[in-house]
**Student:** 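What follows is a single structure, and I will ask about it in a moment.
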Amino acid sequence: MRRTVFNEDHEAFRETLRAFIEAEVVPVYDEWFAAGQAPREFYYKLGELGIFGINVPEEFGGAGMDSHKFEAVLYEETARAGVQFGGSGVHVLLALPYINMLATDEQKKRYLPKFVTGEEMWAIAMTEPGTGSDLAGMKSTAKLSEDGTHYVLNGAKTFITGGVHADKVIVCARTDAPTAEDRRHGISLFAVDTKSEGYSVGRKLDKLGLRTSDTAELAFVDVKVPVEDLLGEENKGFSYLGHNLASERWGIAYGAYAQAKAAVRFATQYVQERTVFGKPVAHFQNTKFELAACQAEVDAAEAVADRATEALDAGELTPAEAASAKLFCTEVAHRVIDRCLQLHGGYGYMNEYPIARLYADNRVNRIYGGTSEVMKMIIAKNMGL
């Protein structure tokens, strides 16, 4: 079926991005994989390419686009090449929407020009040890000083993607206690400078997949955060977090679809080149049936991902629709990638093959941004169940 989601501008971007990946990422990706992170200097190259400024207003150095379709192309092209752009996805997909939505003009003038160039990389710190997806249970606190000039931040965060290289982190912390009626009350968001005294990066976490993205533990001990770096209104942070969950879950859904599509590409190439019993693996009926079934699932996921993309760009993607897209696309990717790895035989278990890395990278899609079980709860509630 002919896709209508992309236009000539998106396809021109695709060509530029594909050439960039082949020249700047593929030759050194094994080094990144071994190191467990992309080098900090790489993000300057992404800034020069314009990746970080697509959805940033023109007056702050960006392209002023109001669309997620360029991000969609990015998901497809990185998956196609079997690579990741380190922790930079958080910089654009997660942090930027909060800056665009909550920052004052004065804050945007301070934050966005360096955001666009990659001089300042951003992350977002929500999850805490022991709380997982229960953001209302967070314990980190930010107390306003007696003179009213700054907040004093204390606490700890974990699973923070981009946390090692980050220059600024959007930190969620309690500025007031929860109430009996609303345990979500009292959370606020702050743009915290990682060079602040009392701010520290703990372990760089050793993950199963997404090996080139730096994921860390963070700690805050009496960190002074100027009142000028409060994002939005005090105590309304939970509602802000909920507002951006649809776009976050769209990103996970689209990324999962792109991974499934890439897996079929990798497996199709492999079975045509690999011979067993004197014949290409592609010759056997089981291989054809397996790949045909996988392609059918990818076609369905593509339709769901494209529909969600159009709805998101139109401002019409509901929480339940985003949850449904994430649930469907991530479960499809899980099944497809597993079957495509099986077609590689023993070589599919070797990290030198992109299907093995894809298998590990994909597993977290059914966990972060809300687990598959949480997605089912959201969908069921929307059904009136």
**Student:** Looking at L218 and A125, what are the two nearest heavy atoms and their distance?
**Tutor:** CD1-CB, 4.2 Å
**Student:** Using the rule that Ile, Leu, Val, Met, Phe, Trp and Tyr join whenever any side-chain heavy atoms are under 4.5 Å apart, tell me whether V171 and Y98 fall into a single cluster.
**Tutor:**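 V171 does not cluster with Y98.
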**Student:** One pair to check against side chain to side chain donor-acceptor pair (under 3.5 Å): D313 and S67. What are the steps and the verdict?
**Tutor:** CA-CA 5 Å; D313 273 9; S67 171; 2.6 Å; yes
**Student:** Can you check side-chain contact (heavy atoms from CB on, under 4.5 Å) on V227 and T149, steps first, answer last?
**Tutor:** CA-CA 6 Å; V227 293; T149 62; 5.6 Å; no
**Student:** Report whether L112 and V192 are members of the same hydrophobic cluster (ILVMFWY, side-chain heavy atoms less than 4.5 Å apart, transitive linking).
**Tutor:** no
**Student:** Step through the shown structure and confirm whether more than 12 heavy atoms of other residues, nucleotides or ligands are within 6.0 Å of NZ on K204.
**Tutor:**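 Above 12, so yes.
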**Student:** Please determine whether side chain to side chain donor-acceptor pair (under 3.5 Å) holds for the pair Y257 and E302, giving the CA-CA distance in whole Å, both sets of side-chain angles, and the decisive distance to 0.1 Å.
**Tutor:** CA-CA 6 Å; Y257 144 69; E302 180 178 87; 2.7 Å; yes
**Student:** For F52 and Y43, take the angle between the two ring planes, folded into 0 to 90°, and tell me which bin it lands in: parallel under 30, tilted 30 to 60, perpendicular over 60.
**Tutor:** tilted
**Student:** Ion pair present between R110 and E106, side-chain N to carboxylate O less than 4.0 angstrom?
**Tutor:**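 Salt bridge present between R110 and E106.
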**Student:** Hey, is OH on Y151 packed in by over 12 heavy atoms from elsewhere, all under 6.0 Å?
**Tutor:** yes
**Student:** Take atom NZ of K279 as the centre, draw a 6.0 Å sphere, and report whether it contains more than 12 heavy atoms from other residues, nucleotides or ligands.
**Tutor:**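 Atom NZ in K279 is not crowded, with 12 or fewer foreign heavy atoms closer than 6.0 Å.
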**Student:** About how many Å separate CD1 of I124 and CG of L241, when rounded to the nearest 0.5 Å?
**Tutor:** 6.0 Å
**Student:** For G369, is there any backbone N or O sitting under 3.5 Å from a side-chain donor or acceptor partner on K326?
**Tutor:** no
**Student:** Mark yes or no: R357 above the aromatic ring of F33, with NZ or CZ under 6.0 Å from the six-membered ring centre and no more than 45 degrees from the axis.
**Tutor:**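 Positive - R357 is close enough to the ring of F33 and near enough to its axis.
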**Student:** With a 4.0 Å cut-off, would you call K376 and E331 a salt bridge?
**Tutor:** no
**Student:** Is it the case that the side chain of T268 and the backbone of V264 share a donor-acceptor pair, with hydrogens and angles ignored and the cut-off at 3.5 Å?
**Tutor:**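 The answer is yes, because a donor-acceptor pair under 3.5 Å joins these two groups.
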**Student:** Under a 4.5 Å cut-off applied to non-hydrogen side-chain atoms, are L205 and I160 in contact?
**Tutor:**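 L205 vs I160: side chains apart.
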**Student:** For H10, look at atom NE2 and say whether over 12 heavy atoms of other residues, nucleotides or ligands are found less than 6.0 Å away.
**Tutor:**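 Correct, the count exceeds 12.
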**Student:** Could you tell me whether a side-chain N or O of R265 sits under 3.5 Å from a main-chain N or O of R80, the two making a donor and an acceptor?
**Tutor:**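 Answer holds: yes.
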**Student:** If every non-hydrogen atom of G155 is compared with every non-hydrogen atom of S140, which pair is closest and at what distance?
**Tutor:** CA-OG, 3.5 Å
**Student:** Applying a strict under-4.5 Å side-chain criterion to I, L, V, M, F, W and Y, I'd like to know whether V90 and L102 cluster together.
**Tutor:** yes
**Student:** Do the charged groups of D214 and R40 touch, with an N to O distance under 4.0 Å?
**Tutor:** no
**Student:** Salt bridge or not between D206 and R211? Use side-chain N to carboxylate O under 4.0 Å.
**Tutor:** yes
**Student:** Do side-chain atoms of T194 reach the backbone of A166 as a donor and acceptor pair under 3.5 angstrom?
**Tutor:**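 Side chain of T194 to backbone of A166: a pair is present.
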**Student:** From R174 CZ over to T141 OG1, what is the distance, rounded to the nearest 0.5 angstrom?
**Tutor:**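 R174 CZ to T141 OG1: 10.5 Å, rounded to 0.5 Å.
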**Student:** Write down the atom of I379, the atom of A320, and the distance for their closest heavy-atom approach.
**Tutor:** CG1-O, 4.1 Å
**Student:** Any chance you could lay out the side-chain contact (heavy atoms from CB on, under 4.5 Å) test for F70 and L17, step after step, and finish with the verdict?
**Tutor:** CA-CA 10 Å; F70 291 96; L17 185 59; over 6 Å; no
**Student:** For residues T117 and Y44, determine if any side-chain heavy atom of one lies less than 4.5 Å from a side-chain heavy atom of the other.
**Tutor:** no
**Student:** Show your reasoning for whether side chain to side chain donor-acceptor pair (under 3.5 Å) applies to E76 and Y254.
**Tutor:** CA-CA 8 Å; E76 291 186 352; Y254 206 99; 2.8 Å; yes
**Student:** With a 4.5 Å heavy-atom cut-off, do F13 and I51 have their side chains touching?
**Tutor:**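 The answer is yes, as the side chains (C-beta and beyond) meet within the 4.5 Å cut-off.
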**Student:** Counting only heavy atoms from other residues, nucleotides and ligands, does the tally under 6.0 Å from NZ of K108 exceed 12?
**Tutor:** yes
**Student:** Contact between M375 and T330 at the side-chain level, heavy atoms closer than 4.5 Å - yes or no?
**Tutor:** no
**Student:** With the 4.5 Å side-chain cut-off for hydrophobic clustering, are Y29 and L46 part of the same group?
**Tutor:** yes
**Student:** Please say whether more than 12 non-hydrogen atoms of neighbouring residues, nucleotides or ligands are located less than 6.0 Å from CZ in R307.
**Tutor:** no
**Student:** Quick one: does I99's side chain get under 4.5 Å of W122's, heavy atoms only?
**Tutor:** yes
**Student:** Any idea which heavy atoms bring V304 and C329 closest together, and the distance?
**Tutor:** CG1-SG, 4.1 Å
**Student:** Are there over 12 heavy-atom neighbours, none belonging to K207, within less than 6.0 Å of that residue's NZ?
**Tutor:**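 Buried by this count: over 12 neighbours within 6.0 Å.
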**Student:** Are L245 and P319 packed together at the side-chain level, in the sense that at least one heavy-atom pair is separated by less than 4.5 angstrom?
**Tutor:** no
**Student:** Taking T371 for its side chain and V374 for its backbone only, find out whether a donor-acceptor pair lies under 3.5 Å.
**Tutor:** yes
**Student:** Any side-chain heavy-atom pair from K157 and F220 closer than 4.5 angstrom?
**Tutor:** yes
**Student:** Is it true that a side-chain atom of S213 and a backbone atom of G87 form a donor plus acceptor pair closer than 3.5 Å?
**Tutor:** no
**Student:** Give a yes or no on whether the backbone of V281 and the side-chain of T287 come within a donor-acceptor separation of less than 3.5 Å.
**Tutor:**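 Yes, T287 side chain to V281 backbone: donor-acceptor pair under 3.5 Å.
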**Student:** Before you tell me yes or no, could you show the steps for D299 and Q295 under side chain to side chain donor-acceptor pair (under 3.5 Å), namely the whole-Å CA-CA distance, both residues' side-chain angles and the distance that decides it to 0.1 Å?
**Tutor:** CA-CA 6 Å; D299 287 344; Q295 183 62 54; 2.9 Å; yes
**Student:** Does F20 form a side-chain contact (heavy atoms from CB on, under 4.5 Å) with K45? I'd like the steps, not just the answer.
**Tutor:** CA-CA 10 Å; F20 173 83; K45 294 182 179 180; 4.2 Å; yes
**Student:** Look only at the side chain of T175 and the backbone of I187, and say whether a donor-acceptor pair between them is shorter than 3.5 Å.
**Tutor:** no
**Student:** Find out if a path of hydrophobic residues (ILVMFWY) with successive side-chain heavy-atom gaps under 4.5 Å connects L231 to L96.
**Tutor:**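 Looking at the clustering, L96 is in the same group as L231.
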**Student:** If you look at every heavy atom in Y240 and E233, which pair is closest and at what distance?
**Tutor:** OH-N, 3.0 Å
**Student:** Taking all non-hydrogen atoms of both residues, which atom of A301 and which atom of V332 are closest, and how far apart?
**Tutor:** CB-CG1, 4.1 Å
**Student:** What class does the angle between the rings of F115 and H91 fall in, given that below 30° is parallel, 30 to 60° is tilted and above 60° is perpendicular?
**Tutor:**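 Ring orientation, 0 to 90° scale: parallel.
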**Student:** Show the numbers, then the answer: is there a side-chain contact (heavy atoms from CB on, under 4.5 Å) between H150 and V225?
**Tutor:** CA-CA 5 Å; H150 62 273; V225 183; 5.8 Å; no
**Student:** Side-chain contact, heavy-atom cut-off 4.5 Å: Y270 with Y353?
**Tutor:** yes
**Student:** Yes or no on salt bridge (charged side-chain N to carboxylate O under 4.0 Å, His left out) for R14 and D9, after CA distance, side-chain angles and deciding distance?
**Tutor:** CA-CA 9 Å; R14 185 188 303 278; D9 290 338; over 6 Å; no
**Student:** Please report whether the ring centroid of F42 lies less than 6.0 Å from that of F85.
**Tutor:**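 That pair passes the under 6.0 Å test.
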**Student:** Looking at E59, I'd like to know if its CD atom is crowded, meaning that more than 12 non-hydrogen atoms belonging to other residues, nucleotides or ligands lie closer than 6.0 Å.
**Tutor:**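 Atom CD in E59 is packed in, count exceeds 12.
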**Student:** Is it true that a side-chain atom of Q107 and a backbone atom of L230 form a donor plus acceptor pair closer than 3.5 Å?
**Tutor:**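 Yes, the answer is positive, given that a donor and an acceptor are paired below the 3.5 Å cut-off.
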**Student:** Measuring from atom CG of L312 to atom NZ of K69, what distance do you get when rounded to the nearest 0.5 angstrom?
**Tutor:** 10.5 Å
**Student:** Does D193 use its side chain to pair, donor to acceptor, with the backbone of K168 at less than 3.5 Å?
**Tutor:**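 Pair absent, no side-chain N/O of D193 close to backbone of K168.
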